[in-house]
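Quantities reported herein were computed from a predicted structural model and do not represent experimental measurements. Chain letters run A, B, ... following the sequence lines, proteins first and then strands; every chain starts at 1.
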Number of protein chains: 2
Amino acid sequence: MATRSKRGALKRLALNRVYRCLEPGPVILVSTFRDGKANVMTASSHVVLLPDPPRVGLGLGPWNHSYEALLSSGECVIAVPGADLAEKVMDIGNCSGADVDKFQRFRLTALPAGLVAPPLIGQCLYNLECRVCDDRLVEEHFFFLFDVVRAWVNPARKERRTLHHNGDGTFTLSGRTINLKERMVRWPEFTFE
Amino acid sequence: MATRSKRGALKRLALNRVYRCLEPGPVILVSTFRDGKANVMTASSHVVLLPDPPRVGLGLGPWNHSYEALLSSGECVIAVPGADLAEKVMDIGNCSGADVDKFQRFRLTALPAGLVAPPLIGQCLYNLECRVCDDRLVEEHFFFLFDVVRAWVNPARKERRTLHHNGDGTFTLSGRTINLKERMVRWPEFTFE
């Protein structure tokens, strides 16, 4: 039970489920680690490239303090916050790790990841441990490709709605869900339970 | 008024607004053109890399019939459907342009784009004309980078909610919007009106 106590309510999530956390386009928090210090930023610039094993792309540039940490370590954690964290998510994105310890200021619970140095964020719905697998587009386009190597879900969070940034400081919360599974006939990899 | 009649209700959208159409993570339709024939597919594998001028990434591989058209022409139109098109969007994603004329089968209104060969889709909320600007990741990761060179909005569509795929044949509709603009202090480029 050491694993459970170390990470509170977090449980391992199968890697072939990772796709479902990011595909709807939620705002994410990205945690990094450098020189003994963790940092976190807000982003929406991610994409799922392959579902299983999960490969993810993320746009992140020198205008982000996290850029140097990501460049030098090649690791990050992508965490998906619920809508209850909206103000925190916004404020995290509007100050810099160069000035403040954001984990401390925003009372984020840093939990140990299994395979990477950056911490998991205890308050988030999902935490995805990522390692850079291709950096060819970083210099010109500030775009990183990652393999997701381990994933966590926090079933204890009551608020499961995610935040979707409209690009102007407003966020749309995920609303009602419609089920069209019976029409999904060509892509069995996306319809397993 | 030739432009207006040719494209029905569609109006030009400023390129620095394109970011806002894709950032919340909506399901998209991608139209292509090859050998005199238009085709369309459903996707969610896109990301906004730069807001202005807009640069967009899209994952699309040889498992998609549209792949060859995109490879050979270097052009596509990314269109954002409203939630009223949910069943159509799903069915478009579950048949192949190798077998059917999807514009005809799904009664999509193909309208002439301004700068690229693939058609705009009259029923969609937004249409973004795209040209490949970097294909370095195509061979290994099936990921294209585009410049959005012209954009259109259809203000006549009543249903403005977008669809967000949960990766399993269910879609979450965009719900209520919260306004946190006053906390957006570091990123003036995302807060202009």
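The minimum heavy-atom distance between B:Ser44 and A:Glu23, with the atom names listed, is CB-OE2, 2.6 Å. Of all heavy-atom pairs spanning A:Ala86 and B:Ile178, the tightest one is CB-CD1, 3.5 Å. When all heavy atoms of A:Asp134 and B:Glu140 are compared, the closest pair comes out as OD2-OE1, 4.1 Å. The two residues A:Thr170 and B:Lys181 come nearest to each other via the heavy atoms CG2-CE, 3.6 Å. For B:His141 against A:Arg55, the heavy-atom pair with the smallest separation is ND1-NH1, 3.3 Å.
If you measure heavy-atom distances from A:His165 to chain B, the contacts under 4.5 Å come from both the backbone and the side chain. If you measure heavy-atom distances from A:Phe143 to chain B, the contacts under 4.5 Å come from the side chain alone. With a 4.5 Å cut-off on non-hydrogen atoms, B:Leu163 touches chain A through its side chain but not through its backbone. A:Cys95 touches chain B through its backbone: at least one of N, CA, C or O sits under 4.5 Å from a heavy atom, while the side chain does not. If you measure heavy-atom distances from A:Glu87 to chain B, the contacts under 4.5 Å come from both the backbone and the side chain. Looking at A:Asp91, only its side chain comes within 4.5 Å of chain B, counting heavy atoms on both sides. Both the backbone and the side chain of B:Ser96 come within contact range of chain A, with heavy atoms under 4.5 Å apart. Of the two parts of A:Leu145, only the side chain, counted from C-beta on, holds a non-hydrogen atom closer than 4.5 Å to a non-hydrogen atom of chain B. For B:Tyr19, the part lying near chain A is the side chain, with the backbone staying farther off; criterion is any non-hydrogen pair under 4.5 Å. Neither the backbone nor the side chain of A:Leu60 comes within contact range of chain B; no heavy atoms are under 4.5 Å apart. Using a 4.5 Å cut-off between heavy atoms, A:Leu49 contacts chain B through its side chain alone, with no backbone atom that close.
Cluster annotation: A:Leu108 and A:Val100 are assigned to distinct hydrophobic clusters (Ile/Leu/Val/Met/Phe/Trp/Tyr, side-chain heavy-atom contacts under 4.5 Å, transitive). Using a 4.5 Å cut-off between side-chain heavy atoms of Ile, Leu, Val, Met, Phe, Trp and Tyr, with links allowed through other members, B:Val47 and A:Val132 fall into different hydrophobic clusters. B:Ile92 and B:Phe33 are members of different hydrophobic clusters when ILVMFWY side chains are connected at heavy-atom separations under 4.5 Å. Criterion: ILVMFWY side-chain heavy atoms under 4.5 Å apart, direct or through other members. Under it, B:Tyr67 and B:Leu137 are not part of a common hydrophobic cluster.
A:Met184 places a side-chain heavy atom less than 4.5 Å from the side chain of B:Asn94. Residues B:Ser174 and A:Thr172 form a side-chain contact, since some pair of their non-hydrogen atoms from C-beta on lies under 4.5 Å apart.
By number of non-hydrogen pairs under 4.5 angstrom with chain A, the leading residue of B:Gly61, B:Ser45, B:Ala83 is B:Ser45. For the set B:Arg136, B:His164, B:Arg161, the entry with the most heavy-atom pairs within less than 4.5 Å of chain A is B:Arg136. Interface check for chain A: of the options B:Arg176, B:Met90, B:Arg183, B:Glu182, the most heavy-atom pairs under 4.5 Å are formed by B:Arg183. If you tally non-hydrogen atom pairs under 4.5 Å between each of A:Leu50, A:Thr162, A:Leu180 and chain B, the highest count goes to A:Leu180.
Within 6.0 Å of the CZ atom in A:Arg160, the count of heavy atoms belonging to other residues, nucleotides or ligands exceeds 12.
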